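In what follows, a structure is listed as structure tokens, so that the remarks can point back to it.
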Amino acid sequence: MKGNAHSGTQMTYGDFGLAAEAQAWVSARQIEAARRAITHYTQRGGRLWIRIFPDKPITKKPPEVRMGSGKGDVFEYVAVVKPGRILFEMGGVSKEIAFAALRLASHKLSLKTRIIEK
């Protein structure tokens, strides 16, 4: 998790984006909550690109289970995010709507982010 992101640091698709300023694991639930916040605020206007994908399985043993007997079951999937990585991109909406929607989405994530413009 050390260092900055090497790929996914440039705006490719949209005009506005949400970039990470810290490293973290972003769970699939957080990504979905941020996506729903953006689409709800924009009233399904414009276009949204999700630039991260939760492909790392995280295991966890059930509560009150004795030590040993192997690894636990898959608990959730996370995306490993490093500083500089673009998380979401938006296009086809005004600057005010995009900034407000991305601000709402940033509250759903567990890391510090900044809103960037192409």
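Residues: numbered from 1 along the sequence shown. From a predicted model like this one, the values you see are computed outputs, not experimental measurements.
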Where [X] and [Y] come nearest, the two heavy atoms and their spacing:
{"X": "Ala5", "Y": "Thr9", "answer": "O-CG2, 3.5 Å"}
{"X": "Ser7", "Y": "Arg85", "answer": "O-NH1, 3.3 Å"}
{"X": "Pro83", "Y": "Gly3", "answer": "CD-O, 3.5 Å"}
{"X": "Ile116", "Y": "Ala19", "answer": "CD1-CB, 4.2 Å"}

Practice problem: Considering only NZ, NE, NH1 and NH2 on the basic side and carboxylate oxygens on the acidic side, decide whether Glu89 and Arg51 come within less than 4.0 Å. | Solution: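 A salt bridge links Glu89 with Arg51.
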Practice problem: Inspect the contact between Glu32 and Arg29 and indicate whether a charged nitrogen and a carboxylate oxygen are less than 4.0 angstrom apart. | Solution: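 No, this pair does not count.
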Is the [atom1] atom of [X] crowded by more than 12 outside heavy atoms at less than 6.0 Å?
{"X": "Trp49", "atom1": "CH2", "result": "yes"}
{"X": "Asp55", "atom1": "CG", "result": "yes"}
{"X": "Lys118", "atom1": "NZ", "result": "yes"}

Practice problem: Please go through Ile50's hydrophobic cluster and name the other residues, only I, L, V, M, F, W, Y counting, with side-chain heavy atoms under 4.5 Å joining them. | Solution: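 Under the 4.5 Å side-chain rule, Ile50 groups with Phe16, Leu18, Val26, Ile31, Ile38, Tyr41, Leu48, Ile52, Val81, Leu87, Phe88, Met90, Val93, Ile97, Phe99, Leu102, Leu104, Leu109, Leu111, Ile115.
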Quiz item: Does Thr12 reach the main-chain N or O of Gln10 with its side chain, forming a donor-acceptor pair under 3.5 Å?
Solution: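 Checking the backbone N and O of Gln10 against the side chain of Thr12, a donor-acceptor pair under 3.5 Å is found.
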Exercise. Spell out, as yes or no, whether a donor-acceptor pair under 3.5 Å connects the side chain of Lys61 to the backbone of Gly70.
Key: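 At least one qualifying donor-acceptor pair exists.
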Quiz item: If Ile, Leu, Val, Met, Phe, Trp and Tyr residues are connected whenever their side-chain heavy atoms lie under 4.5 Å apart, and connections chain through other members, are Val65 and Phe75 in the same group?
Solution: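 Different hydrophobic clusters.
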Quiz item: Does some side-chain heavy atom of Met1 sit less than 4.5 Å from a side-chain heavy atom of Val80?
Solution: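 When only atoms from C-beta onward are counted, Met1 and Val80 do touch, with a gap below 4.5 Å.
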Quiz item: Taking the side chain as C-beta and beyond, is there a heavy-atom pair between Pro54 and Val78 under 4.5 Å?
Solution: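 No, side chains not in contact.
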Exercise. Kindly determine whether Asn4 and Lys82 satisfy side chain to side chain contact (heavy atoms under 4.5 Å, CB included), including the steps that lead there.
Key: CA-CA 5 Å; Asn4 294 331; Lys82 293 182 178 182; 5.8 Å; no
Self-check item: For Tyr77, all residues meeting ring pair (Phe, Tyr, Trp, His ring centres under 6.0 Å), sequence neighbours excluded
Solution: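 Ring pair (Phe, Tyr, Trp, His ring centres under 6.0 Å) list for Tyr77, sorted by chain: empty.
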